[in-house]
Amino acid sequence: MSGFSAPHCGSLRASDEGRELELYGWVARRRDHGGLIFIDLRDRWGAIQVVFNPAHAPQAHTNASDLRSEYVVRVEGKVARRRPGAENPRMPTGEVEVVASDLEVISVAKTPPFAIEDDVEADEATRLKYRYLDIRRPKLTHNLELRHRVVQAIHRYMDAHEFMEVETPMLLKGTPEGSRDFIVPSRLHPGEFFALPQSPQQLKQLLMVAGIGRYYQIARCLRDEDLRADRVVEITQLDVEMAFCTEEDVFELIEGLWAKVWKDVLGIDIPTPFRRIDMRESLLKYGTDKPDLRFDLEIADVSDALRETGATVLRGALDAGGVVRCFAVPGGKDMSRRELDDLAVLARGAGAKGLAWAPGPLDRHLSEGEMAAIKSAAGAGADDIVLLVADRRRKAETVMGLLRREIARRRKLVRHGEWNFLWVYPMYLFEEDDLGNLTYGHHPFTSPWPEDMALLAERPYDVRARAYDCVLNGVEISGGSIRIHDRELQERVFGILGMDEERIGTQFGHLLDAFEYGVPPHGGIAAGIDRLMMAIVETDNIRDVVAFPKTQSHQDLMLGAPSSVDPKQLEELHIQVIPPEKPS
RNA sequence: GGUCCCGUGGUGUAGCCUGGCCAAACACGCGGCCCUGUCAAGGCCGAGAACGCCGGUUCGAAUCCGGUCGGGACCGCCA
């Protein structure tokens with residue numbers, strides 16, 4: 001028996017009428033009328049109704065009464081148009097049905113722990129444990145299929161543009177830079193470790209020195225960091241590097257790529273070029289470096305108007321060198337105190353000292369002029385309410401960004417169906433970390449703007465970077481930069497970042513050495529396929545686009561990983577486990 | 001590292017604030033019977049949870065308290 005080349009359940013149409021066939025699939029649903037029995041038979045392509053008629057095939061009908069959900073069966077029969085009035089317009093196969101003449105149960109099934117349907121949401125842990133059942137849900141199957149088609153479109157496009165796919169090693173050298181490495185012990189070198197790639201960053205630059213010129217790879221990258229709704233441990237990224245290019249070449253390539261993907265996969269024409277927004281403008285107006293422009297709610301700075309205010313909660317933050325930011329909620333006058341308190345809880349949860357609103361309890365501490373300035377800056381109308389946060393700049397931005405998204409979600413201000421691509425560009429070479437120290441904004445190989453070179457020593461924070469992020473509907477789908485290709489400049493930047501020569505040598509010596517053997521100017525970009533898919537299927541949960549995701553605590557509930565290993569294996573690796581201290 | 005939410009039959013919820021009327025309700029699913037055109041099929045009958053786990057308070061706890069485990073959201077972190 002081979003059903004491999006049998007027709008697909010979900011692919012049958014009116015044009016197949018009269019066809020004698022064998023079908024293989026899972027029983028999605030059974031409707032037993034005593035006389036007639038209907039089943040919906042499901043496979044990856046969809047579902048088709050099969051009808052068992054005792055008058056037509058008594059044995060098949062008898063067998064069919066034993067069918068249960070998720071049994072795997074083989075059906076022999078004939079495709080027939082449904083009788084008039086019995087068509088089901090909600091099913092793509094709804095004009096026809098298969099009249100069964102024979103039925104074979106290939107495999108029986110226990111009752112699944114949750115219904116294999118799109119609208120039934122079971123407990124997350126249960127779904128992850130039985131991921132193979134969750135994937136049977138048409139929605140998830142569809143998402144994985146879309147992902148496949150996106151990746152195929154990417155391959156076609158990159159190949160057409162003469163990019164060469166090159167594989168890079170999984171076992172690399174660890175770096176203290178960036179995110180935490182996953183490390184792999186070396187059996188042959190006791191006490192030494194490989195690191196799994198966070199990205200093939202240095203290797204792709206070395207491929208440019210190697211003269212490959214146009215490189216791409218759909219690569220796995222692993223980062224041992226805490227998870228979020230839009231983060232997984234193992235991400236898949238389209239990694240691209242190109243020689244002799246400028247940012248404009250990268251923009252054009254990637255705009256063309258997304259246009260191609262949208263056209264091929266979704267049949268949608270997206271306009272190019274994408275709009276561009278300065279990183280600082282984005283942080284100010286949208287409170288994030290990945291703004292979602294499917295809704296408005298623009299944030300304004302009202303610090304200057306409130307320098308002398310009597311409202312101490314605002315004044316305190318300003319006197320401490322902070323800022324006051326605000327935005328208007330259209331029609332927000334109707335928000336209840338409870339709703340506003342809810343938002344305040346959210347704001348405090350994100351680290352804000354509090355949330356103010358106007359009109360609100362703060363009114364009596366604000367002068368008429370101050371109130372007018374707030375309303376005007378926020379663009380508030382008579383029915384609107386203005387939300388205000390006073391804090392350190394970065395905190396205020398984070399909180400306002402969070403509130404902006406929350407308000408849009410709650411008040412349904414998101415214009416679904418819009419594809420708002422944009423470039424965040426330029427970005428800035430350096431940022432201040434939590435301790436007030438200077439650190440890199442993108443990564444230490446990013447080239448400064450030539451015009452800003454003079455500022456490197458005096459005002460490093462104002463040095464623009466030749467770095468860019470591509471953002472779609474609030475999701476950062478790719479980011480990259482033009483790299484430094486000059487050994488001296490690279491060393492200078494490392495120096496500004498506070499790295500000493502020895503560290504530069506051990507961490508980046510190979511790259512700097514390579515730059516002495518003829519290096520082309522180069523740059524590139526990496527696109528997160530998981531997040532891209534999130535935007536395409538409009539989900540805010542990355543698990544909807546990954547076949548086998550892990551939990552927030554990095555566990556695979558289906559495989560039971562991680563798990564302990566045989567002591568012999570550890571011995572071979574010269575590894576001793578120190579159990580965590582247990583609080584008594 | 002931190003904050004918050006959730007954990008009741010196979011699944012989703014109700015009950016928990018205001019302890020006893022809760023060996024716990026409802027829907028779906030599941031099992032049986034009836035039913036020849038349904039497609040969330042329908043009708044009738046039935047089984048199924050001592051309320052994540054441990055401890056405490058109390059005459060009495062699903063309900064209150066502490067801890068713990070698991071899931072999730074967020075801040076930090078993620079170049």
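Letters go in sequence order (proteins before strands), and every chain restarts at 1.
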Colleague: Between D292(A) and Y286(A), is any side-chain donor less than 3.5 angstrom from a side-chain acceptor?
Modeller: no

Colleague: Identify which nucleotide among U36(B), C30(B), A40(B) has an atom closest to any side-chain atom of N53(A), counting heavy atoms from C-beta outward.
Modeller: U36(B)

Colleague: What is the distance, to the nearest angstrom, from the CD atom on E117(A) to the P atom on G10(B)?
Modeller: 19 Å

Colleague: Which nucleotide in the list G32(B), C77(B), C35(B) gets nearest to the side chain of D32(A)?
Modeller: C35(B)

Colleague: Quick test of the criterion, 5.5 Å between centres and less than 30° between planes. Is F38(A) stacked on U38(B) or not?
Modeller: yes

Colleague: Report yes if at least one side-chain N or O of R231(A) is closer than 4.0 Å to OP1 or OP2 of C77(B); otherwise report no.
Modeller: no

Colleague: Side-chain N or O of Q552(A) less than 4.0 angstrom from OP1 or OP2 on G70(B)?
Modeller: no

Colleague: Just compare A73(B), A41(B), G71(B) and give me whichever is closest to any side-chain atom of A229(A).
Modeller: A73(B)

Colleague: Is H33(A) stacked on the base of G37(B) when the test is centres under 5.5 angstrom and planes under 30 degrees?
Modeller: no

Colleague: Tabulate protein N/O versus nucleotide N/O from nucleotides 43-51 of chain B, keeping only pairs under 3.5 Å, one per line.
Modeller:
none

Colleague: Is it true that a side-chain atom of R68(A) and a backbone atom of T111(A) form a donor plus acceptor pair closer than 3.5 Å?
Modeller: no

Colleague: As a test of reading the structure: which of C39(B), C30(B), U38(B) is closest to the side chain of S69(A), going by heavy atoms?
Modeller: C30(B)

Colleague: Using the C1' atom in both, what is the distance from C65(B) to U58(B), to the nearest Å?
Modeller: 12 Å

Colleague: For atom C1', what is the distance between G43(B) and U38(B), given to the nearest Å?
Modeller: 15 Å

Colleague: Listed by chain and number, what are the side-chain contact (heavy atoms from CB on, under 4.5 Å) partners of D540(A), not counting sequence neighbours?
Modeller: none

Colleague: Any chance the side chains of S447(A) and R483(A) put a donor and an acceptor closer than 3.5 Å?
Modeller: no

Colleague: Considering only atom P, compute the distance from C51(B) to G56(B) and round it to an integer number of Å.
Modeller: 16 Å

Colleague: Any salt bridge linking R394(A) with E397(A)? Criterion: basic side-chain nitrogen under 4.0 Å from a carboxylate oxygen.
Modeller: no

Colleague: I need the single residue from D16(A), L41(A), I48(A), V51(A) that forms a side chain to side chain contact (heavy atoms under 4.5 Å, CB included) with V98(A). Which is it?
Modeller: I48(A)

Colleague: Please state whether the phosphate of G72(B), meaning OP1 or OP2, lies under 4.0 angstrom from any side-chain nitrogen or oxygen of R127(A).
Modeller: no

Colleague: Is any N or O donor-acceptor pair between the side chain of D123(A) and the base of G7(B) shorter than 3.5 Å?
Modeller: no

Colleague: Closest approach to the side chain of E124(A), judged atom by atom: which nucleotide of A40(B), G71(B), G37(B) is it?
Modeller: G71(B)

Colleague: Among all residues two or more places apart in sequence or in another chain, which pass the side-chain contact (heavy atoms from CB on, under 4.5 Å) test with R44(A)?
Modeller: T141(A), E145(A)

Colleague: Would you call D469(A) and M427(A) a side-chain contact if the rule is heavy atoms closer than 4.5 Å?
Modeller: yes

Colleague: Closest approach to the side chain of A86(A), judged atom by atom: which nucleotide of U38(B), G71(B), C78(B) is it?
Modeller: U38(B)

Colleague: Go through the N and O atoms of the side chain of E97(A) and the base of G37(B), and report whether any donor-acceptor pair is under 3.5 Å.
Modeller: yes

Colleague: Check every atom of G10(B), G37(B), G1(B) against the side chain of L36(A) and return the nucleotide holding the closest atom.
Modeller: G37(B)

Colleague: Taking for each residue the nucleotide of RNA chain B bearing the nearest heavy atom, is the 5' side occupied by Q201(A) or by K550(A)?
Modeller: K550(A)

Colleague: Determine whether a donor-acceptor pair (one donor, one acceptor, N or O, separation below 3.5 Å) exists between the side chain of R543(A) and the base of G72(B).
Modeller: no

Colleague: Between C1' on G1(B) and CZ on R180(A), what's the gap in Å once rounded to a whole number?
Modeller: 10 Å

Colleague: Taking the side chain of A122(A) as heavy atoms from C-beta outward, which of U36(B), U11(B), G29(B) is closest to it?
Modeller: U11(B)

Colleague: Atom CZ of F182(A) to atom P of C77(B): distance rounded to whole Å?
Modeller: 19 Å

Colleague: Do Q49(A) and R82(A) have side-chain heavy atoms sitting under 4.5 Å apart?
Modeller: yes

Colleague: Where the side chain of E225(A) is defined as all heavy atoms beyond and including C-beta, which of G72(B), C77(B), A41(B) is the nearest nucleotide?
Modeller: C77(B)

Colleague: Measuring from the side chain of K395(A) (C-beta onward, heavy atoms only), which nucleotide among U38(B), C75(B), G31(B) has the closest atom?
Modeller: C75(B)

Colleague: Test for a donor-acceptor pair under 3.5 Å between the base of C78(B) and the side chain of R223(A), counting only N and O atoms.
Modeller: no

Colleague: Examine the base of C39(B) for any acceptor or donor lying under 3.5 Å from a partner atom in the side chain of N88(A), and report the outcome as yes or no.
Modeller: yes

Colleague: Is R82(A) side chain donor-acceptor paired with the C39(B) base, going by distance under 3.5 Å alone?
Modeller: yes

Colleague: Please state whether the base of C74(B) and the side chain of R348(A) form at least one donor-acceptor pair under 3.5 Å?
Modeller: no

